[in-house]
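Written out below as structure tokens is the structure these notes cover.
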Amino acid sequence: IHGAGSNGNTWHRQLAAFGEQHSPLAFDFPGHGRSGGTEGLKSIDAYRDGLDAFIDTLHLRPSVLVGRSMGGAIALAYALARPARVRGLVLVATAARFELPQARLDTWRNVMLGRAQQPFSTDAFSPQADFAVMREAWMEQVKTDPRVRYYDFVACNAFDITAQLGTITVPTLIIAGRDDTVTPLERSEVLHRGIPGSQLVVIDDAGHTVPAEKPAEFNAAVSEF
């Protein structure tokens with residue numbers, strides 16, 4: 001499950017790695033990537049219901065949900081609402097509560113309104129990240145309209161299930177990049193303390209895009225889980 005303003009292609013390294021032994025699926029939410037339009041959904045609960053519709057449409061059996069950032073929030077919301085449909089959770093660079101800085105929201109609001117150019121910053125990456133990974137992420141970024149990305153950030157900032165973490169009963173793996181400044185490590189530690197029996201894996205020299213920055217280490221952790 002992809003992150004804010006992102007799309008399913010960001011998981012291509014995982015689809016390739018897990019395709020031989022499993023049946024991995026990655027998709028684009030409305031308004032993202034290859035899904036047309038300039039309207040995303042306006043809340044994490046709305047995205048949760050969109051995920052439910054996707055699962056219904058494909059008649060999927062109970063699955064392990066792997067979600068990064070906003071996608072992790074959607075996975076958490078889904079596990080709370082439909083636990084019988086979830087075999088496990090892999091929560092990547094995500095949080096029970098995000099608290100994104102107002103400056104980031106203001107930047108993307110200005111982009112949305114045509115007052116500024118899209119920023120192509122290195123904030124989401126470890127200082128050790130390969131430039132090719134950053135360039136690929138920026139190329140994916142422009143596939144989603146800035147309006148969608150902005151309202152995704154607004155949806156993330158309205159999300160808070162901290163008080164409900166103790167009611168999550170499905171097996172859960174939490175993966176964090178040690179250099180993540182977008183969703184810092186302490187957010188993953190809150191998830192780990194709050195979700196009974198959860199596991200936490202911290203990957204060195206990785207930032208917010210840990211599945212792309214360190215795919216071998218990330219895939220190994222998921223495979224072991």
Side-chain angles (χ1 to χ4, degrees), residues 1-3 6 8 10-27 29 44-45 47-56 58-98 156 159-178 180 183-204 206 208-225:
I1 310 172
H2 65 70
S6 189
T10 58
W11 297 107
H12 69 84
R13 297 169 181 84
Q14 285 66 51
L15 296 176
F18 294 112
E20 293 185 6
Q21 297 185 26
H22 303 282
S23 302
L25 293 171
F27 63 96
F29 275 116
I44 298 301
D45 284 352
Y47 280 115
R48 174 202 66 198
D49 295 343
L51 173 62
D52 200 39
F54 176 80
I55 289 171
D56 274 342
L58 294 187
H59 305 289
L60 300 182
R61 60 186 182 270
S63 306
V64 176
L65 301 181
V66 184
R68 185 182 72 85
S69 195
M70 183 183 81
I74 296 165
L76 282 163
Y78 195 80
L80 287 169
R82 303 297 297 270
R85 286 191 160 189
V86 181
R87 290 189 63 195
L89 291 173
V90 180
L91 306 174
V92 187
T94 194
R97 182 182 181 188
F98 286 97
C156 285
F159 178 72
D160 184 0
I161 59 156
T162 307
Q164 297 168 266
L165 290 177
T167 66
I168 295 173
T169 58
V170 300
T172 301
L173 171 65
I174 302 155
I175 301 180
R178 193 174 298 279
D180 190 345
T183 309
L185 175 57
E186 52 262 33
R187 302 283 174 169
S188 293
E189 291 170 341
V190 169
L191 291 174
H192 180 44
R193 291 194 298 268
I195 300 174
S198 63
Q199 304 172 41
L200 173 61
V201 172
V202 182
I203 297 180
D204 291 330
H208 194 58
T209 61
V210 56
E213 293 177 61
K214 291 290 183 179
E217 294 86 343
F218 178 86
N219 295 348
V222 175
S223 182
E224 182 176 345
F225 174 69

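Heads up: numbering here begins at 1 and tracks the sequence. Values below: all heavy atoms of this structure, side chains included; hydrogens, waters and symmetry mates excluded.
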Would you be so kind as to tabulate the donor-acceptor pairs closer than 3.5 Å made by side chains of residues 87-94, with sequence neighbours excluded?
unit_1, atom_1, unit_2, atom_2, d
T94, OG1, S69, O, 2.7
T94, OG1, A73, N, 3.4

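- Using a cut-off of 4.0 Å between Lys/Arg side-chain N and Asp/Glu carboxylate O, R85 and D56 are scored as salt-bridged.
- With rounding to the nearest 0.5 angstrom, the CZ atom of R97 is 13.5 Å from the SG atom of C156.
- A search for side chain to side chain contact (heavy atoms under 4.5 Å, CB included) contacts involving P184 returns E186, R187, not counting sequence neighbours.
- Here CG of L25 is found 8.0 Å from CG of L15. Values are rounded to the nearest 0.5 Å.
- Annotation: the span from R48 atom CZ to L80 atom CG amounts to 9.0 Å, rounded to 0.5 Å.
- Between the E224 side chain and the A220 main chain, no donor and acceptor come within less than 3.5 Å of each other.
- With rounding to the nearest 0.5 angstrom, the OG1 atom of T183 is 8.5 Å from the CZ atom of R68.
- Relative ring orientation between Y47 and F29 is described as perpendicular, the plane-to-plane angle rising above 60° on a 0-90° scale split at 30° and 60°.
- Here N219 pairs with Q14, A17, F18, P215 under the side chain to side chain contact (heavy atoms under 4.5 Å, CB included) rule; sequence neighbours left out.
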In a table with atom names and distances, give each donor-acceptor pair under 3.5 Å that connects a side chain of residues 189-197 to protein atoms at least two apart or in another chain.
unit_1, atom_1, unit_2, atom_2, d
H192, ND1, S198, O, 3.3
H192, ND1, S198, OG, 3.1

Under 3.5 Å, which donor-acceptor pairs do the side chains of residues 164-176 form with other protein atoms, sequence neighbours left out?
unit_1, atom_1, unit_2, atom_2, d
T167, OG1, Q164, O, 2.7
T172, OG1, V170, O, 2.9

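- Rounding to the nearest 0.5 Å gives a distance of 3.5 Å between CG of D52 and OH of Y78.
- Side-chain atoms of V201 and F225, non-hydrogen and from C-beta on, never get closer than 4.5 Å to each other.
- Note on residues 13-23: pairs passing salt bridge (charged side-chain N to carboxylate O under 4.0 Å, His left out), not counting sequence neighbours, are R13-E136.
- Side-chain contact between W11 and H2 is present, with at least one heavy-atom pair separated by less than 4.5 Å.
- One finds the CZ atom of R82 at 12.0 Å from the CG atom of L65 (value rounded to the nearest 0.5 Å).
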